[in-house]
Structure formats: structure tokens, C-alpha cells
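Working notes, structure below.
Just so we're on the same page: letters track the sequence lines, and every chain starts at 1. As the structure is a computational prediction, the values presented were derived from the model and not from experiment.
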Amino acid sequence: MSCSLIVTNKPNLPNIKMKLDRAFYLRPTLEVAGDLVGKYLVYSTPSGIISARLVEVEAYIGENDPACHAAVGKTPRNEIMYGPGGFSYIYFIYGMYHCLNVVTEQEGFPAAVLIRGAEPEEGLALMRRNFDKPAGNRLTNGPGKLCRAFGLNRDENGLDLTGSKLYLEDRGYKPVKIERSRRIGIKKGLGKKWRFYEPSPFISVKLK
DNA sequence: TTAATGATCCGCT
DNA sequence: GCGGATCATTAAG
């Protein structure tokens with residue numbers, strides 16, 4: 001018999017749940033990105049609550065960031081990034097995956113934080129059901145997998161994250177350590193260390 | 001290392 | 001409109 005236990009960071013939480021408000025998202029993107037590590041992504045579905053603690057995010061900031069979708073200017077696809085912070089930006093990529101971003105900064109300045117990895121907290125059974133194919137123990141280590149496990153697609157693009165359907169919450173968890181690296185899966189903008197992560201089995205990739 | 005798989009965007013007609 | 005390049009991924013080989 002094989003052991004399927006995954007050892008993760010063990011949150012010892014005080015009993016608080018505080019939804020992140022608009023002001024949290026309207027700040028500079030790098031600040032928001034760093035502060036998002038350790039926060040909880042919560043999705044309220046008809047079947048129940050799905051939640052996970054964020055361990056890996058990346059910042060994409062403005063039209064001058066060559067890796068940011070806004071580098072080509074405003075299009076129907078990326079226009080949500082041009083709005084005020086605190087909304088979801090979900091796009092379809094590689095013909096089969098979705099990626100979830102959190103829009104940041106004031107209206108008019110296009111920026112967002114990509115959610116790349118998280119440790120499941122509630123609704124693991126729902127995640128497995130959503131995944132809908134043989135899957136291992138890690139359903140939320142990677143932006144495409146995370147969206148699949150949560151059941152997020154373009155129908156959830158543009159949601160107000162200060163609402164009650166999809167939101168982020170401070171549950172009092174303090175990351176043990178936050179590290180920074182270059183961003184993953186891009187060819188331009190590699191000079192910026194705009195990836196933030198807390199060491200965890202649910203990090204998408206480990207760089208050499 | 002590479003195939004899978006399709007929306008998006010650009011540069012043309 | 002149409003063709004082709006691109007793509008913030010993933011799992012299999």
C-alpha cells in the first residue's frame with residue numbers, strides 16, 4: 001500500500017474570516033501580490049463552498065510590462081484589467097485551460113495578479129468532481145489546474161471580488177516565508193522577479 | 001521534449 | 001472576413 005498523505009504547512013488559525021475589500025486591491029500590484037500569499041480564495045457554488053490558501057502568485061503590471069496581456073493595448077479580452085481593482089480576470093489559453101487573475105490598481109491602469117497555486121481547504125470532494133478525470137492529490141498546483149478544480153471559466157470573468165460568489169479572505173494565516181523569482185511560462189519580461197510564493201507542495205514548479 | 005487544442009489578434013484582402 | 005502566429009499550461013513519453 002502506498003501513502004498518499006501530503007505534508008503541508010499547518011495553519012493554526014485564530015477564528016477570523018475577513019473578506020478583502022476594494023481598498024486592498026486598489027494598491028500597487030506588487031504590494032497586493034505579496035499580500036495575497038496566505039490569503040484564502042473562496043468560491044461559493046450551489047453545491048457548496050470551495051476554498052484554498054494561496055501559495056503562489058505572479059504580478060503583471062501595465063502596458064510597459066511585455067509579459068502583461070495589456071502590453072498590446074486594450075482589447076475585448078483584456079479590458080477588465082483596465083477597470084478598477086478587485087475584479088476577476090479569467091482567460092482561456094492553450095486551447096484547454098483557464099487562468100484566474102485578480103485585477104489590481106485604480107481604474108485606467110491595467111494590472112493583475114495571476115493565481116498559480118494554492119492549498120485546498122474546503123470542498124476537496126467538489127474539486128475532484130470538477131476535475132472530472134483521473135487526478136492525483138494535487139489539484140491546485142498550477143493556474144490551469146486550479147481553475148479546473150474550482151470550476152472557473154470565462155463565465156466567471158469580471159466578477160466583483162468584493163461580492164459573495166468569488167472572493168478572497170484573510171483568515172489570519174501568516175506565511176512562514178515568502179520567496180520571489182522570475183515569472184513562469186513567459187518569454188519576455190524575465191528580468192522582473194514578480195512571482196511570489198510560500199514554499200509548499202502546491203507550488204506549480206520549482207526553478208533550478 | 002513535445003503534442004494537444006482553440007480563442008485571440010494582426011495584417012491583409 | 002480569412003490565414004497564420006501566438007499563447008501567463010499540462011501530462012505523457
May I have the distance from [X] (atom [atom1]) to [N] (atom [atom2]), rounded to whole angstrom?
X        : N      : atom1 : atom2 : result
A/Ile203 : C/dT10 : CD1   : P     : 13 Å
A/Asn141 : C/dA11 : CG    : C1'   : 12 Å
A/Ile90  : C/dT9  : CD1   : P     : 15 Å
A/Lys145 : C/dA12 : NZ    : P     : 10 Å
A/Lys206 : C/dT10 : NZ    : P     : 15 Å

Could you say whether the aromatic ring of A/Tyr60 and the base of C/dA8 stack, counting only centre distances under 5.5 Å and plane angles under 30°? yes
C/dT9 base stacked by A/Tyr97 (centroids within less than 5.5 Å, tilt under 30°): no
Classify A/Gly95 by what it touches in the nucleic acid, base, sugar-phosphate, or nothing, heavy-atom distance under 4.0 Å. base
Across the strands shown, which category fits A/Leu114 at heavy-atom distances under 4.0 angstrom: base, sugar-phosphate, nothing? base
Across every strand shown, the nucleotide meeting Watson-Crick or G-U wobble geometry with C/dT6 (both distances under 3.5 Å) is B/dA7
Using a 6.0 Å distance limit plus a 45 degree cone around the ring axis, check whether [X] lies over the aromatic ring of [Y].
X        : Y        : result
A/Arg22  : A/Phe24  : no
A/Arg77  : A/Tyr91  : yes
A/Arg116 : A/Phe202 : no
A/Arg154 : A/Phe92  : yes

Check this for me: does the side-chain of A/Tyr91 come within 3.5 Å of the base of B/dA7 through a donor and an acceptor? no
Could you please name the option among [options] that lies closest to any side-chain atom of [X]?
X        : options              : value
A/Pro143 : B/dA7, C/dT9, B/dT5  : C/dT9
A/Phe92  : B/dG6, C/dA8, B/dT8  : B/dG6
A/Lys188 : C/dC7, C/dA8, B/dG6  : C/dC7
A/Pro76  : B/dC9, C/dT9, C/dA11 : B/dC9
A/Thr75  : C/dC7, C/dT10, B/dC9 : B/dC9
A/Arg154 : C/dA8, C/dT10, B/dT8 : B/dT8

Got a salt bridge between A/Arg195 and A/Glu56, using NZ or NE/NH1/NH2 to carboxylate O under 4.0 Å? yes
By nearest nucleotide on DNA chain B, pick out whichever of A/Met96 and A/Arg77 is the more 5' one. A/Met96
